[in-house]
Amino acid sequence: MRAMLIANPKATSTSRRARDLLVRAFSGDLDLVIAETGHRGHATELARRAAVEEYDAVIALGGDGTVNEAVNGLLAEGPSPDLPALAVLPIGSANVFARALGLPGDPVGATRVVLDALRAGRHRTVGLGTASHPGGTERYFTFCAGVGLDAEVVREVERRRGAGAKADPSLYVRTAVRHFFSGTDRRRPAVTLEVPGRPPISGLFLAFISNTSPWTYMGPLPVNPSPKANFSRGLDVFGMRSLDVAPTLGALGRMLTARTRPVQGRHMLNLHDVAEVTLRAERPVAFQLDGDYLGEQEHITFRSVPKAIRIVI
């Protein structure tokens, strides 16, 4: 079996020794080509090459950003049963997609699971989401997208990481608290939500688009605004009509304890299993996919893509 191992040498918690151990574990079973990423978007280029050259599998060794880039490279020409299968080895700070698939959180444990699956020829086909906006290209996401506050926090975290800060859960929490009280606009809601065949819903401050649950993790704790979201259904949407302190803390508390029922309330919106949703904003708002900040937009359409990609699991 020919496989390309795409490794992010800068992913959180990784090291040269850890990567070498993983490579040795795979070398006896695979005709393995190792490709390290050198810049943003490089994993997309490498995965696209693997698809064109008809590799059997692509192994993404990195965090959620590396996985997202690899997915977009594999699906550059759209879903097909002939594309390489994707294996995920998590070495990032959150690893939401890998954890949602049920993989162990450590790369060594995940390697054992993936090796067993490769040897047995096991895979699972999962649905993904896409996001598109005027003037931009359609982009896939594996577990979540966000417009508003959470994307602003991602932007600030990326800026601090660029200045040398370590990406761990405490950095996200500190940044979110600081930005909530002194950065984001909590007075003027900008977002209107549109689902085909339904009346538009205006007055939203933020929206989370989920392709699976949980939406993310706070360290070991799942954050679950839309617990019914899963890879075999459409997209789920959570929105906030108020960013006052009391309703925001109430929503966060419910997200940390929700397991089966969506987080709902007077200031909250939750939609389940929608095929398409469009968010329009009165002014440019921050936008993220799979924890990757993608700038500010005023019009974004999200779509569900069933059975989009094969995962080795």
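Count residues from 1 along the sequence. Just so it is clear, the values below take in all heavy atoms, side chains as well, and ignore hydrogens, waters and symmetry mates.
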Are Ile34 and Val108 grouped together when hydrophobic residues (ILVMFWY) are joined by side-chain heavy atoms under 4.5 angstrom apart?
no
Report yes if the side chains of Met4 and Leu46 come closer than 4.5 Å at any heavy-atom pair, otherwise no.
yes
Could you check Met1 against Leu118 for side-chain contact (heavy atoms from CB on, under 4.5 Å), going step by step and ending with a plain yes or no?
CA-CA 9 Å; Met1 178 184 289; Leu118 284 168; 3.8 Å; yes
Take Leu269 and Leu193 through the test side-chain contact (heavy atoms from CB on, under 4.5 Å) and record every step on the way to the result.
CA-CA 10 Å; Leu269 164 77; Leu193 182 150; 3.7 Å; yes
Quick check on the 6.0 Å ring-centre criterion: do Tyr172 and Tyr217 meet it?
no
Around atom CZ of Arg112, are there more than 12 heavy atoms from other residues, nucleotides or ligands closer than 6.0 Å?
no
Donor-acceptor contact below 3.5 Å, side chain Gln297 vs main chain Ile300
no
Asn270 side chain vs Val263 backbone, donor-acceptor pair below 3.5 Å:
yes
Give a yes or no answer on whether the side chain of Asp168 reaches the backbone of Ser170 with a donor-acceptor pair at less than 3.5 Å.
yes
Do you know which of Val113, Leu115, Val114 makes side-chain contact (heavy atoms from CB on, under 4.5 Å) with Thr111?
Leu115
Given side chains that start at C-beta, do those of Val312 and Leu86 come closer than 4.5 Å, heavy atoms only?
no
Hydrogens and angles aside, do Thr175 and Glu156 bring a side-chain donor and acceptor to less than 3.5 Å of each other?
no
Name of the residue among Val67, Val58, Thr66, Asn95 meeting side-chain contact (heavy atoms from CB on, under 4.5 Å) with Val88
Val67
To the closest 0.5 Å, what do you measure between CG (Leu289) and CZ (Phe143)?
9.5 Å
Thr212 vs Asn230, side chain to side chain donor-acceptor pair (under 3.5 Å): CA-CA, chis, key distance, verdict:
CA-CA 4 Å; Thr212 187; Asn230 66 78; over 6 Å; no
Whether the side chain of Arg124 engages the backbone of Arg310 through a donor-acceptor N/O pair (distance < 3.5 Å, no angle test) should be reported.
no
Shortest non-hydrogen separation from Pro225 to Phe238 and the atoms involved
CB-CG, 3.7 Å
Without swapping roles, check the side chain of Asp290 against the backbone of Phe141 for a donor-acceptor pair under 3.5 Å.
no
Taking atom types as modelled, is there a side-chain donor on Asn68 or Asn72 under 3.5 Å from an acceptor on the other?
yes
Regarding Thr44 and Arg48, do their side chains bring together a donor and an acceptor under 3.5 Å, going by distance alone?
no
Heavy-atom pair with the smallest gap, counting every atom of Ser213 and Ser226
CB-O, 3.6 Å
Salt bridge or not for Glu158 and Arg161, using N-O below 4.0 Å?
no
Yes or no on side-chain contact (heavy atoms from CB on, under 4.5 Å) for Thr278 and Phe302, after CA distance, side-chain angles and deciding distance?
CA-CA 6 Å; Thr278 295; Phe302 302 91; over 6 Å; no
Closest heavy-atom contact between Ala251 and Met240?
CB-SD, 3.9 Å
Within the distance-only criterion (no hydrogens, no angle test), does the side chain of Ser80 pair as donor or acceptor with the backbone N or O of Asp82 below 3.5 angstrom?
yes
Looking at Glu296 and Arg155, does any basic side-chain N land under 4.0 Å from a carboxylate oxygen?
yes
Donor-acceptor side-chain pairing of His299 and Arg280 below 3.5 angstrom:
yes
Counting heavy atoms not belonging to Arg159, are there more than 12 under 6.0 Å from its CZ?
yes
pair Leu75-Leu128: side-chain heavy atoms closer than 4.5 Å
yes
Quick one, Ile311 and His123 - any side-chain contact, counting heavy atoms below 4.5 Å?
no
Are Leu235 and Ile201 linked, directly or through other ILVMFWY residues, by side chains that come within less than 4.5 angstrom of each other?
yes
Can we say Arg139 and Asp292 salt-bridge, meaning some charged N sits less than 4.0 Å from an Asp/Glu carboxylate O?
yes
Sole residue of Val237, Asp150, Asp236, Val223 in side-chain contact (heavy atoms from CB on, under 4.5 Å) with Phe208:
Asp150
Taking every heavy atom of Phe287 against every heavy atom of Ala131, the minimum-distance pair comes out as CZ-CB, 3.8 Å
So, taking the atom named CZ in Arg49 and the one named OH in Tyr55, what distance separates them when rounded to the nearest 0.5 Å?
5.5 Å
Group every Ile, Leu, Val, Met, Phe, Trp and Tyr by side-chain heavy-atom contacts under 4.5 Å, then state whether Val157 and Val285 land in the same group.
no
Should Pro84 and Asp56 count as side-chain neighbours, where that means a heavy-atom distance under 4.5 Å?
no
Side chains of Arg241 and Met268: closer than 4.5 Å at any heavy-atom pair?
no
Under 6.0 Å from the CZ atom of Arg259, do we count more than 12 heavy atoms belonging to anything else shown?
yes
Taking the side chain as everything from C-beta on, heavy atoms only, tell me whether Leu30 gets closer than 4.5 Å to Ile59.
yes
Output the distance between atom OG1 (Thr216) and atom CG (Leu221), rounded to the nearest 0.5 Å.
11.0 Å
Between Arg283 and Asp185 (salt bridge meaning N to carboxylate O under 4.0 Å), is one present in this structure?
yes
Does the Glu69 side chain pair with the main chain of Ala43, one donor and one acceptor, at a distance under 3.5 Å?
yes
Give the cluster check for Met255 versus Val154: same hydrophobic cluster or not, with ILVMFWY residues linked at side-chain heavy-atom distances below 4.5 Å.
no
Does any N or O in the side chain of Asn211 come within less than 3.5 Å of the main-chain N or O of Cys144, such that one atom is a donor and the other an acceptor?
no
To the nearest 0.5 Å, what is the distance between CG (Leu74) and CD1 (Ile309)?
5.0 Å
Between Arg233 and Asp273, does at least one N-O distance fall below 4.0 Å, as a salt bridge requires?
yes
Identify whether NZ of Lys or CZ of Arg in Arg186 sits under 6.0 Å from the centre of the six-membered ring of Phe180 and within 45° of that ring's axis.
yes
State, to 0.1 Å, how close Ala70 and Ala47 come at their nearest heavy-atom pair, and which atoms those are.
O-CB, 3.3 Å
Would Asp116 and Arg122 count as a side-chain contact (heavy atoms from CB on, under 4.5 Å) if you check the C-alpha gap in whole Å, the side-chain angles of each, and the deciding distance to 0.1 Å?
CA-CA 8 Å; Asp116 288 344; Arg122 291 195 307 268; 4.0 Å; yes
Same hydrophobic cluster for Trp215 and Leu243, using side-chain heavy-atom links shorter than 4.5 Å among ILVMFWY?
yes
With side chains defined as the heavy atoms from C-beta onward, is the minimum distance between His272 and Val274 less than 4.5 Å?
no
Is the side chain of Asn8 donor-acceptor paired with the backbone N or O of Thr37 at a distance under 3.5 Å, no angle test?
no
For Gln264, is there any backbone N or O sitting under 3.5 Å from a side-chain donor or acceptor partner on Arg254?
yes
Locate the shortest heavy-atom distance separating Leu206 from Gly148; write the atom from each residue and the value.
CB-CA, 4.4 Å
Can you tell me how far the CZ atom of Arg303 sits from the OG1 atom of Thr301, to the nearest 0.5 Å?
5.5 Å
Rounded at 0.5 Å granularity, tell me how far OG1 in Thr130 sits from OH in Tyr140.
6.5 Å
